[in-house]
J.: 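Before I ask anything, here is the structure I am working with.
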Amino acid sequence: MFIFVILGLLVCTEARGISAGTPVFVLKGEDVLLNVTKAVVLVKFDLFFWKCNNSNIMRFNSKDKQVSANYDGRLEFPVNNYSVKLKNLQEADSGVYTAVVAKESIEEVAKYYVKVQDRASLPLLTVSSVSESSSSCSFTVTCSSQDSHINSTFSCDTRTCSQEGGERSEGIPDTFLQVHQSSGSIICNHSNHVSWTNDTKIIKDVCHQHDDPEGLSVCLVKTCVFSVGLIIMVSAVITVHLMEKLNENK
């Protein structure tokens, strides 16, 4: 009879709604440990539940435990405080996980919002509307993923580039696109809470004005110095050879 009263209290608790809980983001196929930080001691007739949304995934009493068929072989209990490790998580496993102790009253001792995410897909960075002059260059880039896209415009001279647009944009929830420049490249980032990936374009491949003229001058100077040195060496060898010939003829 007591068990039915406890189950009825649990239903009433669920009817009042479940808050979000501590957010935990997990890469698809990985494991996560959900900790119970409060001390839990079960005596006769006490029950302990781990629930996902409105469904029990496991139940303890003072003697044994029962695991839901959907989680059979996917739960571990690495410590003795009722913390649980969820294994090989899939996107369908996302939800609110609540640890509940049922004694004379119902007490929540842990609550997590678990979000399982796949790896962020590789984005595509494309360049359009290139406008060049002798001293400047402007162009527009589009950073796109499977679910959204974002645009940004760059204006470059021989040294620097300024940027308009390209702030972070949300496509699907908890997934982000961003465009920025770094170390002479335009970078399109696609990320979520568990992974990131990017596509890049080198600025000087788009804007030839952005080539480093000082670097080219250094290269040209080195080539000239090498050529002059080589000519001097060859001239010296020829001079020595001619002098030897003249001395032999004497």
Side-chain angles (χ1 to χ4, degrees), residues 3-122 145-147 170-177 189-197:
I3 296 297
F4 292 108
V5 172
I6 292 296
L7 293 176
L9 288 173
L10 286 173
V11 171
C12 292
T13 301
E14 291 167 6
R16 291 197 296 269
I18 299 176
S19 60
T22 303
V24 178
F25 296 92
V26 187
L27 181 63
K28 181 179 177 181
E30 297 293 325
D31 306 338
V32 66
L33 177 64
L34 304 182
N35 279 307
V36 175
T37 56
K38 293 185 178 181
V40 176
V41 178
L42 300 182
V43 296
K44 188 176 181 181
F45 300 126
D46 291 348
L47 294 176
F48 179 96
F49 294 87
W50 268 108
K51 306 170 70 65
C52 178
N53 299 329
N54 294 324
S55 301
N56 295 334
I57 65 173
M58 58 77 54
R59 186 189 74 180
F60 281 104
N61 59 30
S62 58
K63 295 182 179 180
D64 60 8
K65 64 177 180 289
Q66 296 178 354
V67 176
S68 166
N70 291 336
Y71 288 83
D72 188 27
R74 298 175 55 212
L75 299 184
E76 287 184 358
F77 305 93
V79 291
N80 294 323
N81 63 349
Y82 301 99
S83 298
V84 63
K85 178 184 283 188
L86 309 177
K87 302 178 65 178
N88 189 27
L89 288 176
Q90 303 300 308
E91 292 174 349
D93 294 319
S94 297
V96 178
Y97 287 78
T98 311
V100 177
V101 177
K103 295 177 178 285
E104 289 107 0
S105 61
I106 304 299
E107 180 187 6
E108 290 182 351
V109 293
K111 181 177 289 186
Y112 298 89
Y113 169 64
V114 176
K115 175 70 172 180
V116 182
Q117 293 186 310
D118 208 345
R119 294 185 184 278
S121 60
L122 184 67
S145 69
Q146 295 175 345
D147 305 290
E170 292 192 14
I172 58 177
D174 300 311
T175 301
F176 310 100
L177 282 174
N189 278 327
H190 185 211
S191 63
N192 54 30
H193 291 280
V194 296
S195 65
W196 66 273
T197 185

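Remember, it's a predicted structure, so these values are computed and weren't measured experimentally. Sequential numbering from 1 along the given sequence is applied to the chain's residues. Worth knowing before you read on, the calculation uses all heavy atoms, side chains too, and leaves out hydrogens, waters and symmetry mates.
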J.: Can any side-chain N or O of Asn81 pair as donor or acceptor with the backbone N or O of Val36 at less than 3.5 Å?
T.: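 Yes, Asn81 side chain to Val36 backbone: donor-acceptor pair under 3.5 Å.
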J.: Give a yes or no on whether the backbone of Ser68 and the side-chain of Asn56 come within a donor-acceptor separation of less than 3.5 Å.
T.: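 No.
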J.: Hey, could you give me the CG/OG distance between Asp147 and Ser121, rounded to the nearest 0.5 Å?
T.: 7.0 Å
J.: May I ask you to decide if Tyr112's main-chain N or O and Thr22's side chain share a donor-acceptor pair within less than 3.5 Å?
T.: no
J.: Could you check whether any side-chain N or O of Asn53 sits under 3.5 Å from a backbone N or O of Ser55, counting only pairs where one atom can act as donor and the other as acceptor?
T.: no
J.: For Ala120 and Ser191, which heavy atoms make the closest approach, and how far apart are they?
T.: CB-CA, 4.1 Å
J.: Just so I know, are the side chains of Arg74 and Val67 near enough to count as touching, which here means a heavy-atom distance under 4.5 Å?
T.: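 No, their side chains stay 4.5 Å or more apart.
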J.: Donor-acceptor pairs under 3.5 Å, side chain of residues 26-33 to any protein atom, not counting sequence neighbours: which ones?
T.:
from: Asp31; atom 1: OD1; to: Asn88; atom 2: N; distance (Å): 2.9

J.: Between the side chain of Thr197 and the main-chain N/O of Leu122, is any donor-acceptor distance below 3.5 Å?
T.: no
J.: Among all residues two or more places apart in sequence or in another chain, which pass the salt bridge (charged side-chain N to carboxylate O under 4.0 Å, His left out) test with Lys87?
T.: Glu76
J.: When rounded to the nearest 0.5 angstrom, what distance separates CD in Glu108 from NZ in Lys51?
T.: 10.0 Å
J.: Roughly how far, to the nearest 0.5 Å, is CG of Asp46 from CD of Glu104?
T.: 7.5 Å
J.: Could you check if a side-chain atom of Ile57 sits within less than 4.5 angstrom of a side-chain atom of Val84, using non-hydrogen atoms only?
T.: no
J.: Would you compute the distance between atom CG of Leu86 and atom CG of Leu75 and round it to the nearest 0.5 angstrom?
T.: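 Answer for the CG-CG pair, Leu86 versus Leu75, is 6.0 Å.
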J.: Enter the distance from Lys103:NZ to Leu47:CG here, rounded to the nearest 0.5 Å.
T.: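 Those atoms lie 10.0 Å apart.
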J.: So Phe25 and Tyr113, would you call those rings parallel, tilted or perpendicular, with 30° and 60° as cut-offs?
T.: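 The rings of Phe25 and Tyr113 stand perpendicular, inter-plane angle above 60°.
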J.: So, Asn35 versus Thr37: side-chain donor-acceptor pair below 3.5 Å or not?
T.: no
J.: Report the distance from atom CH2 of Trp50 to atom OG1 of Thr98, rounding to the nearest 0.5 Å.
T.: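 So the gap between those two atoms works out to 7.5 Å.
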J.: Side chains of Val116 and Gln90: does their closest heavy-atom pair fall under 4.5 Å?
T.: no
J.: If the test is ring pair (Phe, Tyr, Trp, His ring centres under 6.0 Å), which one of Phe48, Phe60, Tyr82 qualifies with Phe77?
T.: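 Result for ring pair (Phe, Tyr, Trp, His ring centres under 6.0 Å) with Phe77: Phe60.
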J.: Grab the two heavy atoms, one from Val194 and one from Asn192, that are nearest each other, plus how far apart they are.
T.: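 Taking Val194 first and Asn192 second, the nearest heavy atoms are N-OD1, 3.0 Å.
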J.: Among all residues two or more places apart in sequence or in another chain, which pass the ring-ring contact (aromatic ring centres under 6.0 Å, His included) test with Tyr97?
T.: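 Once residues adjacent in sequence are excluded, Tyr97 has no partner under the ring-ring contact (aromatic ring centres under 6.0 Å, His included) criterion.
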J.: Side-chain contact, heavy-atom cut-off 4.5 Å: Val114 with Asp93?
T.: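 SC-SC contact between Val114 and Asp93 ruled out.
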